[in-house]
Amino acid sequence: MDTIFALASAPGRAGVSVLRLSGPDAVEIAAKLMRDVPPRRGLRRLRDSDGAMLDDALILHFEKGRSFTGETVVEFHLHGSVAIVAAVSASLKQGGARQAEAGEFTRRALENGRLDLAQVEGLADLIDAETEAQRRQAVSIFTGALSDMAERWRTRLVRAAALVEATIDFVDEDVPVDVYPEVLSLLNDTATELISQTEGAHAAERIRDGFEVAIVGRPNVGKSTLLNRLAGRSAAITSDIAGTTRDVIEVRMDLAGLPVTLLDTAGIRDTTDKVEKLGVSLALQRAEMADLRIFLMEDSEDLPMTPHADDLMLRAKADVYGDGVSGLTGQGVDEMLKDITRILELRAMGASVVIRDRHRDAMQRAIVEIDRARVMIDGAASADLVAEDIRSATRAVDMLVGRVDVEDLLDEIFRSFCIGK
């Protein structure tokens, strides 16, 4: 296997830059740049093949089995100069290492059993986390919340399958113990937990990808002005000409640690303008799919669409009417944001560890197989059929942590990682 290296810190000028070297020849290659590789850590002067000084660096040495990748790793903590990083990288390449590909360090951690697939996905989300809620969720997955659940479910299913298969050995005799009450108990407990997790999938996915809040109303009701107030900049064009906003304009926000995207939609009205008509149609679609809608209305206006239970109904243009919300002056905006935060925090409380479509799909498949096994038991079907359904449920659970059927996913997953990770 190749020994690989990459910059593990951010590229560009910095106080310290970290180069990571991982693989079977890491120590031998690193030794070509210094008098000796410290057993754990130490300061070393680095020189190129001609003996010219490269840098004074802190060297960290991780033995095989004790590093992030599970391989022997040597880290170079260099002065954060672009030129120094380039020179040391060139020397490592000359010594026999190659530049790592995107996500290759993490892929090796997976292959060496340091992480399972769910933890890899948690790490990817942790790197991409922008808000506190996203960070907490990613840390939970990365540190094994989903993996521990999957292991518990797998243990129960393996036990249930073993009990059923034991009855096959007594096919011509009386079974000494009726195993099916315990089997059903194991299946019921597992199915209950799986169903609970899938029910919290939507909230978990919204924390990962962000909640969407649509500002909805008739033309010239103040939607774009309100969005600009929330964004702190001119994100949307404002005008007293009806139909100015044609497309959906998005502004990303952090509300109490929750990722939220505010949507400014086209003013909803009947129109003969083809382009505006498309904008109105898109506005209605995006508003319907959003997690929450803010309806801005003036006194005599009808609702442009049917509201959902938690949607906010706010009087527009408080600067004119004296009450409600105004993007122009900011009146009522803080109270509106508090209401949005309160509603979304309540929804986030129901989040599970199911943060990706493949997690939900695997769990739903396991639930289907468990249900089939329970029906088989109630119908006194053969033990062979019951055992096979339970084994199928086990395989579905194994997919969560990458034990089976994930090779086609790996390239896509690791492509999202940076080179040094």
Side-chain angles (χ1 to χ4, degrees), residues 202 206 210-256 258-348:
H202 180 74
R206 301 279 25 99
F211 290 93
E212 286 194 348
V213 177
I215 304 174
V216 183
R218 302 292 185 188
N220 293 333
V221 79
K223 299 184 299 300
S224 296
T225 303
L226 177 60
L227 184 78
N228 288 340
R229 164 70 63 169
L230 295 171
R233 58 185 173 86
S234 296
I237 298 173
T238 58
S239 168
D240 58 2
I241 301 173
T244 299
T245 301
R246 302 295 182 94
D247 204 350
V248 175
I249 298 171
E250 303 182 2
V251 170
R252 189 85 166 178
M253 297 186 67
D254 180 338
L255 293 183
L258 294 174
V260 178
T261 298
L262 272 296
L263 309 177
D264 175 22
T265 60
I268 299 173
R269 65 169 183 169
D270 292 329
T271 178
T272 57
D273 184 295
K274 291 184 178 180
V275 177
E276 185 184 353
K277 197 169 186 177
L278 289 173
V280 170
S281 177
L282 179 60
L284 289 170
Q285 292 175 21
R286 290 297 298 274
E288 185 62 37
M289 292 188 298
D291 299 287
L292 183 68
R293 282 143 295 277
I294 301 170
F295 287 92
L296 291 185
M297 302 176 295
E298 295 186 70
D299 283 338
S300 60
E301 285 188 308
D302 296 326
L303 287 172
M305 61 182 295
T306 303
H308 295 209
D310 291 332
D311 289 346
L312 300 179
M313 313 293 176
L314 301 177
R315 188 176 185 182
K317 301 182 180 179
D319 52 289
V320 175
Y321 300 109
D323 63 328
V325 64
S326 170
L328 190 63
T329 65
Q331 180 178 332
V333 171
D334 288 344
E335 291 76 10
M336 179 191 73
L337 289 175
K338 288 178 182 178
D339 287 338
I340 294 172
T341 302
R342 173 183 54 80
I343 294 168
L344 297 183
E345 281 182 333
L346 286 173
R347 296 187 186 181

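Note that the numbering runs from 1 along the sequence shown for the chain.
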Hey, what do you get for [atom1] ([X]) to [atom2] ([Y]), rounding to the nearest 0.5 Å?
| X | Y | atom1 | atom2 | result |
| --- | --- | --- | --- | --- |
| K338 | L255 | NZ | CG | 13.0 Å |
| L292 | H308 | CG | NE2 | 10.0 Å |
| L328 | N228 | CG | CG | 11.0 Å |
| T225 | L296 | OG1 | CG | 10.0 Å |
| R206 | T261 | CZ | OG1 | 8.5 Å |
| I294 | M336 | CD1 | CE | 4.5 Å |

### Task
Mind running side-chain contact (heavy atoms from CB on, under 4.5 Å) on E212 and R286 for me, showing each step along the way?
CA-CA 9 Å; E212 286 194 348; R286 290 297 298 274; 3.0 Å; yes
Determine the minimum heavy-atom distance between [X] and [Y], stating which atoms define it.
| X | Y | result |
| --- | --- | --- |
| Y321 | A316 | CD1-O, 3.4 Å |
| S224 | D264 | OG-OD2, 2.6 Å |
| A287 | A214 | CA-CB, 3.9 Å |
| L258 | F211 | CD2-CE1, 4.2 Å |
| R229 | G330 | NH2-N, 3.5 Å |
| S326 | V333 | O-CG2, 3.7 Å |

So does [Y] get a backbone contact from the side chain of [X], meaning a donor-acceptor N/O pair under 3.5 Å?
| X | Y | answer |
| --- | --- | --- |
| R252 | G210 | no |
| D311 | R293 | yes |
| R315 | G324 | no |

### Task
Any chance you could lay out the side-chain contact (heavy atoms from CB on, under 4.5 Å) test for L230 and V251, step after step, and finish with the verdict?
CA-CA 8 Å; L230 295 171; V251 170; 5.8 Å; no
### Query
Do V213 and L344 pass the side-chain contact (heavy atoms from CB on, under 4.5 Å) test, and can you show the C-alpha distance, the side-chain angles, and the key distance before you say yes or no?
CA-CA 10 Å; V213 177; L344 297 183; 4.2 Å; yes
### Task
Taking the side chain as every heavy atom from C-beta outward, state whether L312 and I343 have any pair of such atoms under 4.5 Å apart.
yes
### Query
Checking side-chain contact (heavy atoms from CB on, under 4.5 Å) for the pair E298/V320: CA distance, chi angles, key distance, verdict?
CA-CA 10 Å; E298 295 186 70; V320 175; over 6 Å; no
